[in-house]
Amino acid sequence: MPELPEVETTKRGVEPHILDQTIETVVVRQPKLRWPVSDEIYQLEGQKVLSVSRRAKYLLVEFEQGYAMWHLGMSGSLRLVEKHEAPGKHDHIDWLMSNGKVLRYHDPRRFGALLWVENPADSEHLNHLGPEPLSEEFSGELLYQKSRNKKVPIKTFIMDGKVVVGVGNIYANESLFLAGIRPTIAAGRISKARMEKLAVVIKQVLGKAIEQGGTTLRDFVGGDGKPGYFAQQLNVYGRGGEKCPACDGLLKEIRQGQRTTVFCKTCQT
DNA sequence: ATGCTAACCTGCGCGC
DNA sequence: TGCGCGCAGGTTAGCA
């Protein structure tokens with residue numbers, strides 16, 4: 001999936017096309033997603049889109065009577081198509097809109113979700129989440145406070161949505177490289193100064209990725225139907241065994257949990 | 001509480 | 001144009 005910048009890019013791409021539109025029909029061809037698509041979703045038929053926003057990696061579409069919440073999982077994407085375009089194999093959901101266009105959800109791996117909630121503040125998916133990484137609330141100070149006495153590796157720590165949302169595997173690797181912090185270090189043993197550096201680079205990396213429309217990944221198509229990504233410089237992600245961009249060493253690849261970590265033994269201590 | 005693993009599912013690239 | 005394996009952007013349930 002899309003990491004946070006990709007969700008933000010989707011939000012920005014889709015918003016102008018669906019805002020103020022009435023959803024006339026919801027077509028669910030495959031309800032078996034990360035969580036089954038509930039029949040409650042049909043409530044949005046006949047309702048108008050009042051706003052589009054993002055919280056963590058969830059895309060929130062506000063209607064008069066509640067919210068539809070999309071999650072793109074690992075391989076989900078949303079785009080606008082014409083009514084006459086036949087759905088493909090993994091095009092699981094369509095919203096047919098009053099302007100004659102169709103918002104179409106595509107997700108080969110089906111780790112995504114479409115949920116209906118009356119009030120996002122009450123949603124169990126949202127109410128335990130930490131701050132947005134690009135908000136003022138997220139800071140080195142916060143990372144430092146939350147990590148005291150924590151033995152979890154720093155990479156695992158920054159990918160924990162209760163600490164800060166939206167830092168996925170790609171950007172966790174990139175941020176730790178830019179901060180010069182080894183991903184395996186216990187979060188609780190990192191100094192305040194280093195945490196401040198880390199918070200700064202997380203903001204920079206995510207901000208830059210959003211600016212560039214996200215990283216090029218094979219499953220994503222932008223909301224307007226054009227490829228949504230511009231190539232972004234990734235220093236370490238996907239480069240295990242290659243030369244470190246900053247020194248003569250080779251990038252080392254390890255597994256942390258079920259995820260691949262790449263780092264430089266010389267530059268990250 | 002904390003922390004790790006497995007699970008959800010399909011597709012792709014690699015080695016044979 | 002085969003076959004099996006491991007891996008891929010996320011999140012949560014369940015177990016020690």
Side-chain angles (χ1 to χ4, degrees), chain A residues 1-11 29-37 54-59 69-78 87-93 105-115 123-130 133 146-176 183-189 202 205-206 209-210 212-222 227-232 234 236-241 253-262:
Chain A
M1 151 285 65
E3 294 211 17
L4 184 144
E6 288 74 49
V7 180
E8 180 64 25
T9 299
T10 299
K11 184 246 163 197
R29 297 182 199 84
Q30 170 57 277
K32 293 179 183 170
L33 303 184
R34 178 66 172 83
W35 298 288
V37 179
R54 179 190 59 72
R55 172 72 174 110
K57 293 170 187 165
Y58 291 90
L59 199 61
M69 287 198 328
W70 292 102
H71 195 293
L72 305 182
M74 291 277 241
S75 57
S77 60
L78 281 169
K89 188 177 177 187
H90 299 295
D91 291 336
H92 305 311
I93 301 170
Y105 180 66
H106 175 87
D107 188 359
R109 290 180 71 183
R110 290 196 267 126
F111 286 179
L114 173 60
L115 306 163
S123 164
E124 74 250 43
H125 294 97
L126 301 184
N127 60 19
H128 68 281
L129 294 176
K146 283 198 182 182
S147 62
R148 291 311 87 187
N149 302 317
K150 291 285 197 321
K151 293 179 187 128
V152 285
I154 184 61
K155 182 180 177 232
T156 308
F157 183 73
I158 60 172
M159 290 179 72
D160 180 350
K162 292 190 285 300
V163 175
V164 57
V165 300
V167 182
N169 197 37
I170 294 177
Y171 298 111
N173 279 298
E174 294 298 311
S175 299
L176 288 166
T184 50
I185 307 235
R189 298 189 51 217
I202 286 173
V205 162
L206 291 176
I210 289 170
Q212 298 185 356
T215 307
T216 301
L217 296 168
R218 66 174 170 277
D219 286 325
F220 186 82
V221 178
Y229 292 107
F230 298 84
Q232 188 194 8
L234 294 177
V236 293
Y237 181 80
R239 294 182 183 275
E253 189 165 298
I254 62 171
R255 299 286 289 176
Q256 287 183 291
Q258 307 300 104
R259 312 237 88 114
T260 298
T261 295
V262 188

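All chains are named by letter (A, B, ...) in the order of the sequence lines, taking the proteins before the strands, and each is independently numbered beginning at 1. Because only heavy atoms are used, hydrogens play no part in the values below, and waters and symmetry mates are left out as well, while side chains stay in.
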_Could you tell me how far B/dG11 sits from C/dT11 if I compare only their P atoms? Round to whole Å._
22 Å
*Using atom P of each nucleotide, how far apart are B/dT5 and C/dC7 to the nearest Å?*
14 Å
Expressed as a whole number of angstroms, how long is the span from [X]:[atom1] to [N]:[atom2]?
{"X": "A/Y105", "N": "B/dT10", "atom1": "OH", "atom2": "C1'", "value": "13 Å"}
{"X": "A/N173", "N": "C/dG10", "atom1": "CG", "atom2": "P", "value": "10 Å"}
{"X": "A/L115", "N": "C/dT11", "atom1": "CG", "atom2": "P", "value": "12 Å"}
{"X": "A/N127", "N": "C/dT11", "atom1": "CG", "atom2": "P", "value": "15 Å"}
{"X": "A/Q30", "N": "B/dT10", "atom1": "CD", "atom2": "C1'", "value": "12 Å"}
{"X": "A/K155", "N": "C/dG9", "atom1": "NZ", "atom2": "C1'", "value": "12 Å"}
{"X": "A/D107", "N": "B/dG11", "atom1": "CG", "atom2": "P", "value": "11 Å"}
{"X": "A/M74", "N": "C/dT11", "atom1": "CE", "atom2": "P", "value": "10 Å"}

*asked:* My understanding is that only residues two or more places apart in sequence, or in another chain, count here; which of them pass ring-ring contact (aromatic ring centres under 6.0 Å, His included) with A/Y58?
replied: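 A/Y58 satisfies ring-ring contact (aromatic ring centres under 6.0 Å, His included) with A/H71 once adjacent residues are dropped.
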_Partners passing side-chain hydrogen bond (donor to acceptor under 3.5 Å, both in side chains) against A/R239 (at least two apart in sequence or in another chain)_ =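 side-chain hydrogen bond (donor to acceptor under 3.5 Å, both in side chains) list for A/R239, sorted by chain: A/E242.
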Under the side chain to side chain contact (heavy atoms under 4.5 Å, CB included) rule, collect the residues that match up with [X], sequence neighbours excluded.
{"X": "A/R29", "answer": "A/V27, A/P87, A/D91, A/D94, A/R104"}
{"X": "A/P36", "answer": "none"}
{"X": "A/S123", "answer": "A/M69, A/V117, A/H125, A/L126"}
{"X": "A/V165", "answer": "A/R55, A/A56, A/L129, A/E132, A/P133"}

Between [N] and [X], is there an OP1 or OP2 to side-chain N/O distance shorter than 4.0 Å?
{"X": "A/Y237", "N": "C/dG9", "value": "yes"}
{"X": "A/S75", "N": "C/dA8", "value": "no"}
{"X": "A/K89", "N": "B/dG11", "value": "yes"}
{"X": "A/K57", "N": "C/dT11", "value": "yes"}
{"X": "A/H125", "N": "C/dT11", "value": "no"}

*Should A/K57 and A/L72 count as side-chain neighbours, where that means a heavy-atom distance under 4.5 Å?*
no
_5'-to-3' dot-bracket of DNA chain C (Watson-Crick, G-U; under 3.5 angstrom; crossing pairs as [ ]; | other strand)_ = .|||||||.|||||||
*asked:* Between C/dG6 and A/R255, counting only base atoms on the nucleotide and side-chain atoms on the residue, is there a donor-acceptor pair under 3.5 Å?
replied: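 Donor-acceptor pair under 3.5 Å: no.
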*asked:* Any side-chain to backbone donor/acceptor pair from A/E3 onto A/G168? Under 3.5 Å, distance only.
replied: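 Yes; judged by distance alone, with no hydrogens or angles, the pair exists.
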Please list, for nucleotides 3-9 of chain B, all pairs of protein and nucleotide N/O atoms separated by less than 3.5 Å.
from  : atom 1 : to     : atom 2 : distance (Å)
B/dC9 : O4'    : A/R109 : O      : 3.4
B/dC9 : O3'    : A/R110 : NH2    : 2.9
B/dC9 : O2     : A/R109 : NE     : 3.0

*Would you say the side-chain atoms of A/R255 and A/T261 include a donor-acceptor pair closer than 3.5 Å?*
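On atom types as modelled, these side chains do not qualify, holding no pair under 3.5 Å.
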*With the side chain of A/H128 defined as its heavy atoms from C-beta on, choose the nearest nucleotide among C/dG10, B/dG11, C/dT12.*
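So the side chain of A/H128 is nearest to C/dT12.
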*Quick one: side-chain hydrogen bond (donor to acceptor under 3.5 Å, both in side chains) pairs with a partner in residues 156-166 of chain A, sequence neighbours left out?*
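Non-adjacent pairs meeting side-chain hydrogen bond (donor to acceptor under 3.5 Å, both in side chains): zero.
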